[in-house]
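Quick notes on the structure that follows.
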Number of protein chains: 2
Amino acid sequence: MQIETQISRKDQIIQTASKLFRLKSYEAASMRDIASELGIEAASLYSHIKSKDEILEIICFRKAEEFLNAIAEVNDIYFDAEEKLRMAIKNHVRIIASDLDAATVFLREWRYLSSEKLKEFVSLRHKYENEYRIIIHQGENENVFDTVDVKFAVLTILSAVNWIVEWYNPKGSMVPDEIADNLTGFILTGLKKKTA
Amino acid sequence: MQIETQISRKDQIIQTASKLFRLKSYEAASMRDIASELGIEAASLYSHIKSKDEILEIICFRKAEEFLNAIAEVNDIYFDAEEKLRMAIKNHVRIIASDLDAATVFLREWRYLSSEKLKEFVSLRHKYENEYRIIIHQGENENVFDTVDVKFAVLTILSAVNWIVEWYNPKGSMVPDEIADNLTGFILTGLKKKTA
DNA sequence: CCTACCGATCGGTAGG
DNA sequence: CCTACCGATCGGTAGG
């Protein structure tokens with residue numbers, strides 16, 4: 001009956017790997033790099049994990065699950081499309097900001113997944129994208145969103161939202177919710193003057 | 001006095017490398033991979049190029065120059081901000097579509113540049129981003145663009161424009177100029193119904 | 001968790 | 001453009 005908030009060795013490995021995979025990429029970061037960061041030998045890592053592959057899988061699929069749970073919750077709680085979109089983006093930005101290392105690996109290094117896992121991963125991402133497509137469709141039906149190429153719109157929205165891993169600074173002036181609000185504003189009304 | 005349209009061995013190497021760097025990433029694609037694609041031995045590559053690094057540098061800096069030339073031309077030819085933005089995006093998409101392999105490497109693999117070259121590369125990208133910032137500012141002054149966080153707006157615009165390397169299909173139904181028009185529409189007026 | 005090690009593969013060079 | 005090769009490093013295993 002441990003009440004300690006100790007983080008398991010396995011999770012320490014995953015956390016360290018996230019940091020190094022983000023910094024140097026999955027291929028360039030070696031098991032020796034990860035081990036030395038933890039003050040142990042590379043061979044010792046294998047008492048906790050099966051392979052380098054496995055680490056990447058855990059990082060990518062954990063994040064995928066987080067994103068999918070968040071969008072499911074939004075669809076449960078909110079009713080109108082604009083609010084759904086607003087909250088989906090807010091959650092998305094929060095998840096990225098809560099663990100920037102893992103989120104960056106999820107977004108940037110997933111290509112290195114082994115081919116079976118890669119297929120599964122891609123299908124989870126499609127599932128996530130599809131949730132956004134449904135929201136946009138709903139907005140069109142509610143007559144609050146313009147009729148657009150929905151696939152195209154979702155790609156554009158997610159690209160902007162995911163791009164924040166490239167510039168987000170936890171010590172910067174914008175907190176995650178502000179970033180989300182700014183993004184949503186941009187997505188909803190664009191750059192052009194409304195009262196021109 | 002050769003009139004042949006032959007492509008030099010060096011350029012063949014660069015083209016093949018672009019393809020493989022995009023497909024497998026810079027680190028994972030080996031010199032032996034590139035050589036075998038060309039039907040020669042890995043050692044033979046070094047008669048035409050100095051190092052693997054050099055290939056990446058050539059790809060990244062060639063593209064950087066293309067992008068910078070294009071935006072300079074836009075600023076020379078057009079006057080009002082909206083038209084400048086429209087044409088800048090059109091050129092950007094055209095450059096990406098004209099050589100998807102090289103563009104993808106430019107956008108995805110530049111992190112592997114050696115540290116001196118990386119610094120130079122990042123400064124070229126900042127220069128490019130700055131040209132967009134100037135256009136947005138001009139639009140604010142002309143009272144056609146809303147006042148926004150300019151840095152944020154440029155990041156969002158470029159993320160959407162660059163994301164096309166992830167889904168653009170040369171054999172797909174949308175030609176580059178259509179993609180550019182769609183993107184520009186989205187960026188200018190957003191998702192929300194105007195006549196609600 | 002360590003020592004000791006393996007086979008494979010890497011970028012690159014020498015010398016022709 | 002090739003053969004022959006180098007030192008370095010990789011992910012991972014055996015055995016304790």
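Below, all heavy atoms of this structure are taken into account, side chains as well, without hydrogens, waters or symmetry copies. Lettering of chains follows the sequences in order, A, B, ..., and the numbering in each one begins at 1.
- We find that B:Glu166 and A:Arg111 are joined by a salt bridge, their nearest charged nitrogen and carboxylate oxygen being less than 4.0 Å apart.
- Between the CZ atom of B:Arg9 and the P atom of D:dC2 there is a distance of 9 Å, rounded to whole Å.
- Proximity note for B:Ser30 (side chain, C-beta onward) versus D:dG11, C:dG11, C:dT3: the nearest is C:dG11.
- Counting only distance, with no hydrogens or angles, the side chain of B:Glu131 and the backbone of B:Tyr128 share no donor-acceptor pair below 3.5 Å.
- Following rounding to the nearest Å, B:Glu27 (CD) and D:dC10 (C1') show an atom-to-atom distance of 11 Å.
- Heavy atoms of A:Ala29 sit under 4.0 angstrom from primed sugar atoms or phosphate atoms, though from no base atom.
- Distances from the side chain of A:Ser51 to the nucleotides D:dG12, C:dT13, C:dG12 place D:dG12 closest.
- Taking atom CG of residue A:Asp53 and atom C1' of nucleotide D:dC10, one finds them 14 Å apart after rounding to whole Å.
- The distance from atom CD of A:Glu41 to atom C1' of C:dC2 is 7 Å, rounded to the nearest whole Å.
- Between the NZ atom of B:Lys50 and the P atom of C:dT13 there is a distance of 11 Å, rounded to whole Å.
- Between C:dC1 and A:Ser47, no contact under 4.0 Å exists linking OP1 or OP2 to a side-chain N or O.
- For the pair A:Arg125 and A:Phe106, the distance from NZ or CZ to the six-membered ring centre is under 6.0 Å and the angle to the ring normal is within 45 degrees.
- Taking the centre and axis of the six-membered ring of A:Tyr26, the NZ or CZ atom of A:Lys52 falls inside the cone set by 45° and 6.0 Å.
- For D:dG12, the OP1/OP2 oxygens have no side-chain nitrogen or oxygen of A:Arg32 closer than 4.0 Å.
- Nearest nucleotide to the A:Ser44 side chain, out of C:dA4, C:dT13, C:dC1: C:dC1.
- Taking atom NE2 on B:His48 and atom P on D:dC1, their separation rounds to 5 Å, with Å as the unit.
- In summary, the side chains of A:Ser30 and A:Asp33 do present a donor paired with an acceptor at a separation below 3.5 Å, with no hydrogens or angles considered.
- Residue B:Met31 contributes atom CE, which lies 15 Å from atom C1' of D:dC1 at whole-angstrom precision.
- Across all strands shown, C:dA8 forms a Watson-Crick or G-U wobble pair with D:dT9, both key distances being under 3.5 Å.
- Checking D:dG12, C:dT3, C:dC1 against the side-chain heavy atoms of A:Ile40 singles out C:dC1 as nearest.
- Rounded to an integer number of Å, the gap from A:Ile34 CD1 to C:dC1 P is 14 Å.
- C:dG15: Watson-Crick or G-U partner is D:dC2, with both key distances under 3.5 Å.
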